[in-house]
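One structure below.
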Amino acid sequence: MRLSVVIVNYNVKYFLEQCLESVYHSCVETVKGERLELEVWVVDNASVDGSVEMVRSRYPQVHLIENLENVGFARANNQALRECGGEYALLLNPDTVVEQDTLVKCVDFMEEHPDCGGLGVKMINGEGEYLKESKRGFPTPEASFFKVSGLIRLFPHNRRIAAYYMGHLPDDEVNQVDILPGAFLMVRREALEKVGLLDESYFMYGEDIDFSWRIRLAGYKNYYVPTARIIHYKGESTKRGSLNYVYTFYNAMSIFVQHYFSGKNARMFNLLLHVAIWGRATVSFVQRLLKAVALPLADFAVAFAGFVGIKHLWASYWAENVNYYPPEYTWVVIPVYILILMAASWLYGGYEKPVKLLRIVKGMAIGSALLVLFYSLLDESMRYSRALLLLGCGWTLASSIGVRGLLSLLRVPGYDLRPRRPRRCLIVGSPAECTRIEELYIQSGYNHQFSTLPDTSRLADAIRVHKADEVVFCGKDIPVQHIIDQMTAIGQTGSIKRQVEFKIAPDSSTFVIGSTRIHSAEDLYTEELNTLASPLNRRNKRMFDIATALLLLVVSPILVWFQKEKGHYYAHCLQVLTGRKSWVGEENRAVFTPEQALRHSSAKTLTPANIARIRLRYSRNYRLAADAMIVAKNLLRI
């Protein structure tokens, strides 16, 4: 056996299927004229997305190892490395796509370079951009500090500051490197037997650094070979920009320090990492805070200025005294009015993206009604002016819409108030495949405008002519090499790059994978639909759960006696109140399921397919009224 490919999977079924498809299409001839012989091992870390079932049904030739828990990246890889028998072993991420000749090029390179212990390739992301982690240097304290602190971004090609990514080396030139990426790491069997397996003290991140460095210490060289390329969608398990990633990376580096540094060097390394971590965390926190409060602060400032202006005009006109109203009205009452109106707008989704003015109008209308009601209940001495209240409410609504209108004019993402047009999708492939992909989109609920192209020869021109928002490559007809060529070329063209998203539809698949989302028949993340996944619906559902649970607890002394199973009543109310369950949702996570909207006798006769369709419809077209109806129909079964 020439090559053993080891893939560790965790809840990325669609990516894994596309990865396996590309691997099995790469069994082409080597320079010796022999067809590349390979075996594939998939180690599944207790996925719950149907990954194991998919591998069994579509790729029975795969050696499958099923773990009952997530044992981590290093330990899972070692399970397969102990069993596989190839002259070379490849650690490959499931969220990758390899070119047809990538594996052959790598095997040929290692055959021609006996000193090569480990090998990495040129990686691009799903947007056609080069991934700088394709080649890395040894993570010295200084290099790690520049990386974690973010200073490396300012000087990406400086030999010293960009040492972590060896930024001074050309991206398209074969070179020796210190560290190879775990997403694609080919190792010689002879070197593997000398250096041993991956260090299982690393759970995620750092094990590739440790393993690559041990290859170097054993007397071998690590090579970066850019003539072999892969697509690496990157970050499906952990978003690299998140604080969680920074924390995980720090823990991995701490383990590395314990292994390869001692005394003063170890203390200095840990000090630098701590400084970088806290600096990065502080910057991240401030950025998130500013981003979260910027729009509410703008709304409040504009609304307050207008409220005060209306007050001055009204006092001058009605009372002929600009100081008629006391200071507490300006500095206490008016802010309270505005905050109540903004809170009502928030509850109705006025601060969600993309912005929808109707949500703001509904929220402000409810808030205004509550303020007028509250005003009427106040003591006469606290009623400053009903007219001012109504005028102020109108101004707050108008100013909120005005602020978003300004953001729309400035083309701030998420605040475009222009009518949404259907996305323009350009499908590249044979007529039969283009028709199949178009039908897949339609079945998934997407209202796109479709155009087709038989090949990639004039793709850039077609994108401009059709003003395409996304390009879907048919994997059956377009080789991965051509896909990567086009993604890379267009990714370097600024005007088109900002306009288009790239996606791939694997051969005979029921899904389309892109750098940001997956379109499939089971997809519940359709923007055009009112999905349960949206933040607004999740928030409203949670508020409904809490309010209903409290109400049921209040009336429990009477209602509990009519229950069919009295022992569950208080338990369910408390579980919903604490967030452990919802009133309506998935089994084991909710008191009732969507199909219980039917009569009890009808629900008993439903087939599994009917139940699946009902639940899918509930999730994709969520309505709060549906939850209320289901709870009401099952009021005696709580």
*Are Val512 and Tyr441 close enough that some pair of their side-chain heavy atoms sits under 4.5 Å apart?*
yes

*Inspect the surroundings of CZ in Arg383 and state if more than 12 heavy atoms from other residues, nucleotides or ligands are less than 6.0 Å away.*
yes

_Contact between Leu390 and Val372 at the side-chain level, heavy atoms closer than 4.5 Å - yes or no?_
yes

_Nearest 0.5 angstrom please: Leu378 CG to Ser376 OG, how far?_
8.0 Å

*Checking ring pair (Phe, Tyr, Trp, His ring centres under 6.0 Å) for the pair Phe304/Trp395: CA distance, chi angles, key distance, verdict?*
CA-CA 9 Å; Phe304 182 78; Trp395 166 256; over 10 Å; no

*When you look at Ile504 and Val472, which way does the side-chain contact (heavy atoms from CB on, under 4.5 Å) test go after all the steps?*
CA-CA 5 Å; Ile504 301 176; Val472 179; over 6 Å; no

*Under 3.5 Å donor-acceptor, Tyr324 side chain and Lys311 backbone*: no

_Just so I know, are the side chains of Thr396 and Tyr337 near enough to count as touching, which here means a heavy-atom distance under 4.5 Å?_
no

_Run Tyr618 and Asp627 through side-chain hydrogen bond (donor to acceptor under 3.5 Å, both in side chains) and show every step you take._
CA-CA 10 Å; Tyr618 169 83; Asp627 280 11; 2.7 Å; yes

*Do Val576 and Val591 come close enough that some side-chain heavy atom pair is under 4.5 Å?*
yes

*Is there a donor in the side chain of Tyr348 and an acceptor in the side chain of Asn540, or the other way round, less than 3.5 Å apart?*
no

_With a 6.0 Å cut-off (strictly less than), is the heavy-atom count around CE of Met543, excluding the residue itself, greater than 12?_
no

*Would you say the side chains of Tyr570 and Ser556 form a donor-acceptor pair under 3.5 Å?*
yes

*Considering all heavy atoms of both residues, which atom of Phe502 and which atom of Gly126 are nearest to each other, and what is their separation?*
CB-O, 3.7 Å

*Looking only at atom types and distance, does a side-chain atom of Ser385 sit under 3.5 Å from a main-chain N or O of Leu388, one as donor and one as acceptor?*
yes

_Looking at Lys362, I'd like to know if its NZ atom is crowded, meaning that more than 12 non-hydrogen atoms belonging to other residues, nucleotides or ligands lie closer than 6.0 Å._
no

_Salt-bridge criterion met for Glu352 and Arg359 (N-O under 4.0 Å)_ = no

*asked:* Could you check whether Arg404 pairs with Asp416 (Lys NZ or Arg NE/NH1/NH2 to Asp/Glu carboxylate O, under 4.0 Å)?
replied: no

*What's the spacing between Phe73 CZ and Tyr10 OH if we round to 0.5 Å?*
15.5 Å

*Distance from Asn45 atom CG to Asn11 atom CG, nearest 0.5 Å?*
9.5 Å

_Distance-only side-chain donor-acceptor flag, Tyr14 / Asp95, under 3.5 Å_ = no

*Do you know which two heavy atoms are closest between Gln18 and Phe511, and how far apart they sit?*
N-CZ, 4.3 Å

*asked:* If you compare all heavy atoms of Ile360 against all heavy atoms of Gly350, which two are closest, and at what distance to 0.1 Å?
replied: CG1-CA, 3.8 Å

*In Å and rounded to the nearest 0.5 Å, what is the CD1 to CG distance from Ile427 to Leu440?*
9.0 Å

*Within a strict 4.5 Å, meaning less than it, do heavy atoms of the Ile338 and Asp299 side chains meet?*
no

*asked:* Would you compute the distance between atom CG of Leu636 and atom CG of Leu559 and round it to the nearest 0.5 angstrom?
replied: 6.5 Å

*Do any N or O atoms from the side chain of His572 and from the backbone of Ile638 form a donor-acceptor pair under 3.5 angstrom?*
yes

*asked:* Quick check against the 3.5 Å criterion: does Glu17 have a side-chain atom that pairs as donor or acceptor with the backbone of Ser51?
replied: no

_Presence of salt bridge, Arg637 and Glu565, under 4.0 angstrom_ = no

*Without hydrogens or angle criteria, can the side chains of Ser47 and Lys13 be said to hold a donor-acceptor pair below 3.5 Å?*
no

*Please determine if Lys581 and Glu586 form a salt bridge, counting it only when a charged side-chain N lies under 4.0 Å from a carboxylate O.*
no

*Any side-chain heavy-atom pair from Cys393 and Leu341 closer than 4.5 angstrom?*
yes

*For Ala468 and Leu426, which heavy atoms make the closest approach, and how far apart are they?*
CB-CB, 4.0 Å

_Test item: side-chain donor near acceptor, Asn93 and Tyr233, under 3.5 Å_ = no

*Can any side-chain N or O of Asp44 pair as donor or acceptor with the backbone N or O of Asn67 at less than 3.5 Å?*
no

_Verdict with reasoning, Cys573 to Trp583, per side-chain contact (heavy atoms from CB on, under 4.5 Å)_ = CA-CA 9 Å; Cys573 288; Trp583 283 119; 4.1 Å; yes

*Search all heavy atoms of Met342 against all heavy atoms of Pro296 and return the closest pair with its distance.*
CE-O, 3.3 Å

_Thr548 (side chain) donor-acceptor with Asp545 (main chain) under 3.5 angstrom_ = no

*Contact check, side chains of Leu417 and Val355, non-hydrogen atoms, under 4.5 Å*: yes

_Glu69 and Val71: CA distance, side-chain angles, deciding distance, side-chain contact (heavy atoms from CB on, under 4.5 Å) verdict_ = CA-CA 6 Å; Glu69 61 178 339; Val71 299; 3.8 Å; yes

*List the steps and the verdict of side-chain contact (heavy atoms from CB on, under 4.5 Å) for Phe307 and Leu391.*
CA-CA 8 Å; Phe307 239 115; Leu391 289 171; over 6 Å; no

_Exam field: side chain Asn70 to backbone Gly72, donor-acceptor pair closer than 3.5 Å_ = yes

_Distance, nearest 0.5 Å, that separates CD1 of Ile614 from CD of Glu595_ = 6.0 Å

*Grab the two heavy atoms, one from Ser400 and one from Met364, that are nearest each other, plus how far apart they are.*
OG-CE, 3.3 Å

*Would the number of heavy atoms belonging to other residues, nucleotides or ligands and lying under 6.0 Å from CD1 of Ile558 be above 12?*
no

*Does the side chain of Asn537 reach to within under 4.5 Å of the side chain of Arg623, using non-hydrogen atoms?*
no

*Heavy-atom count around Leu68 CG within 6.0 Å, excluding the residue itself: above 12?*
no

